[in-house]
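Being a predicted model, the structure only gives us computed values, none of them experimental.
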Amino acid sequence: MTGNTRIPQRPGADAQAPVASPGAGAAPALSVVLQSVAACLQAVRAGRSGTAALETVPAALRPAVQALFFETLRHLGMAQALRSQLAPRKPAAAIDALLCTALALMAPGASAAYEPHTLVNQAVEAAKAQRSTRPQAGFVNACLRRYLRERQALCDAAARDDLARWNHPAWWVQRLRKDHPQHWQAVLQAPRNQAPMVLRVNKQKTTPGQYQKALAAINLGAIDIGADGLVLQRAVAVQSLPGFAQGDVSVQDAGAQLAAPLLLQGLDLGRPLRVLDACAAPGGKTAHLLECAGPQADLRLTALDVDAQRCERIRATLERCQLKAQVLVADAGRPEDWWRAHCGGELFDAILLDAPCTASGIVRRHPDVAWLRRESDVAQLAAIQAQLLRALWPLVRPGARLLYCTCSVFRAEGSDQIQAFLAHNTDARLLPSPGHLLPGVPHKAEGVPDNLSGEHDGFFYALLEKQPG
């Protein structure tokens, strides 16, 4: 889903955050884990995605590091407010990251499963373990032990800070208040809890009911959500899911599962159809389109992504699900480079444009997003989205449709974007489609009538039909 942007990449909304599970052998020392968590936090503060930072952690350490890293990010606003009280003069980046990591894991509401004194001792050991931070181990010890002594007063004072209260930058909070005046608080609260693991059942191979029985056989409960989805009682490694390697199920948020059926509804699947998935990586929606169409349909699907490595992920997804599509390394915003050469210059019956965006709707799965994004990213990404719409709309056959979607809760990347497009394209008609889906907001709440009944991330959907000339 990278489109043609080089803004720090968001994680794919199709693929949920990897599940942390205990590694084999003896558990690593907490000080070693804290050292790696602090390094990941420092990387995010420098503009690197959490996913990329975690990939540098040794495999044996990664599950434990990821679990504490995500918990740190979910309480980072409080930690930063506490650190400002304990050390008004901001320390060097490495020490600040270690201090904030320890404070976040001891913050009210955190679930790090370690006693505060243990966290303090191990954070000091982590400081001592590196030459660059060793001289400040005493400073870390003094700050954290003061926190233990004055915890209530420090937390009460920090709670008056909006960054601590909402765990999002001030510009983000202000934009949400303006965009969703009835629901902004619920949207900000949603990322405080870990998102559930959601599966998409491949109905070409099984049914949600049958798969629930297969899960029950391994003592794993699940409840229905949407047409094809199951919310697991607890997260597990995908390798333990029955039939995962054979494509019986895929991991995909319930909100993301709306794209394929929404685009295909009303199309005549009895005739050959040319379909484009314009920003397709990692391939979850590509596979869902083929699953929804079924093996009898003549769906000639082309999946694009600008990044060759991410195209390999599309191919791997299709191979696991035993599906076929044309996968191209290409920039969706430059059809002149690929449309005639690889698609014969034929107009498309359906285009899915899952445009690059701020990923503001998937913070509960990827809590680094709130700390990576800058206010200027919104306008920059909105401009990229508008350019992609302009480039792809001429490729839509008259009478056919384009589904525009983002995993964003900001109106600039959703309803405002589509209103501007409709104003400049009189041959476009907006068909019934969900619009904004907001995480943490109840089903059919006022202002978001299409919210799902259950857990889902934040998305925007607009189904556009091209009117015959």
Side-chain angles (χ1 to χ4, degrees), residues 11-28 33 36-37 50-51 54-55 57-71 74 111-113 193-257 281-288 290-291 312-323 362 364-367 454-457:
D14 287 335
Q16 300 172 75
V19 177
S21 57
V33 176
S36 290
V37 172
T51 301
L54 284 166
E55 286 174 353
V57 176
L61 276 179
R62 199 172 300 151
V65 170
Q66 179 182 298
L68 293 190
F69 178 46
F70 279 20
E71 191 67 13
R74 291 190 178 100
S111 55
N193 299 312
Q194 183 177 343
M197 187 173 181
V198 183
L199 305 181
R200 184 189 77 238
V201 177
N202 182 354
K203 288 185 176 178
Q204 302 303 319
K205 297 194 172 190
T206 184
T207 68
Q210 291 170 338
Y211 198 77
Q212 277 179 307
K213 293 178 181 177
L215 292 172
I218 59 171
N219 297 314
L220 186 57
I223 59 173
D224 294 326
I225 185 168
D228 303 334
L230 292 173
V231 181
L232 296 186
Q233 183 183 54
R234 67 180 187 279
V236 297
V238 292
Q239 294 81 3
S240 67
L241 293 170
F244 179 82
Q246 292 73 39
D248 291 5
V249 292
S250 298
V251 179
Q252 187 181 47
D253 181 76
Q257 292 184 34
K285 294 185 181 72
T286 309
H288 198 196
L290 294 166
E291 291 170 9
E312 287 304 312
R313 294 185 63 190
I314 301 173
R315 294 187 181 96
T317 297
L318 293 172
E319 183 178 358
R320 180 182 63 82
C321 295
Q322 300 167 28
L323 300 167
I362 59 172
R364 62 181 192 155
R365 295 196 189 280
H366 300 279
E455 294 274 5
H456 61 87
D457 291 337

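At distances below 3.5 Å, not a single donor-acceptor pair connects side-chain atoms of Arg365 with backbone N or O atoms of Gln194. Between the side chain of Ser250 and the backbone N or O of Gly284 there is no donor-acceptor pair closer than 3.5 Å. A donor-acceptor contact shorter than 3.5 Å links the side chain of Tyr211 to the backbone of Pro242. At least one donor-acceptor pair under 3.5 Å links the side chain of Gln257 to the backbone N or O of Gln252. Side-chain atoms of Arg313 do not come within 3.5 Å of backbone N or O of Gly283 as any donor-acceptor pair.
Of all heavy-atom pairs between Ala254 and Val198, the closest is N-CG1, 3.9 Å. Scanning both residues, Thr51 and His366, for their nearest heavy atoms gives OG1-ND1, 4.5 Å. Pro28 approaches Leu61 most closely through the heavy-atom pair CB-CD2, 3.3 Å. What you find for Ala60 and Pro63 is that their closest heavy atoms are O-CD, 4.0 Å.
Note: Cys321 SG to Leu290 CG = 9.5 Å, rounded to the nearest 0.5 Å. Asp248 CG to Leu241 CG: the interatomic distance, rounded to the nearest 0.5 Å, is 10.0 Å. Atoms CG and CD, on Asn202 and Glu291 in that order, are 3.5 Å from each other to the nearest 0.5 Å. Between Lys285 atom NZ and His288 atom NE2 the span is 10.5 Å, to the nearest 0.5 Å.
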_Using side-chain contact (heavy atoms from CB on, under 4.5 Å), reason through Leu230 and Leu215 one step at a time and then give a plain yes or no._
CA-CA 10 Å; Leu230 292 173; Leu215 292 172; 4.3 Å; yes
*Taking it one step at a time, do Val201 and Thr207 satisfy side-chain contact (heavy atoms from CB on, under 4.5 Å)?*
CA-CA 7 Å; Val201 177; Thr207 68; 5.7 Å; no
*Would Gln204 and Leu323 satisfy side-chain contact (heavy atoms from CB on, under 4.5 Å), going step by step from the backbone distance to the final call?*
CA-CA 11 Å; Gln204 302 303 319; Leu323 300 167; over 6 Å; no
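Contact of the Val57 side chain with the Phe69 side chain is not registered, since no non-hydrogen atoms from C-beta on lie closer than 4.5 Å. Contact annotation: the side chain of Leu199 approaches that of Val251 to within less than 4.5 Å [non-hydrogen atoms, C-beta and beyond]. Asp224 places a side-chain heavy atom less than 4.5 Å from the side chain of Gln212. Contact annotation: the side chain of Leu68 approaches that of Val33 to within less than 4.5 Å [non-hydrogen atoms, C-beta and beyond].
In this structure, Glu319 places its CD atom where only 12 or fewer heavy-atom neighbours from other residues, nucleotides or ligands lie under 6.0 Å away.
Listed by first then second residue, pairs satisfying salt bridge (charged side-chain N to carboxylate O under 4.0 Å, His left out) with a partner in residues 228-238 read Lys203-Asp228, not counting sequence neighbours.
Checked against salt bridge (Lys or Arg N to Asp or Glu O under 4.0 Å), Arg364 has the following partners two or more places apart in sequence or in another chain: Asp253, Glu455, Asp457. For Gln233, there are no side-chain contact (heavy atoms from CB on, under 4.5 Å) partners two or more places apart in sequence or in a different chain.
For the residue pair Gln246 / Lys205, no side-chain donor-acceptor distance below 3.5 Å is found, with atom types taken as modelled.
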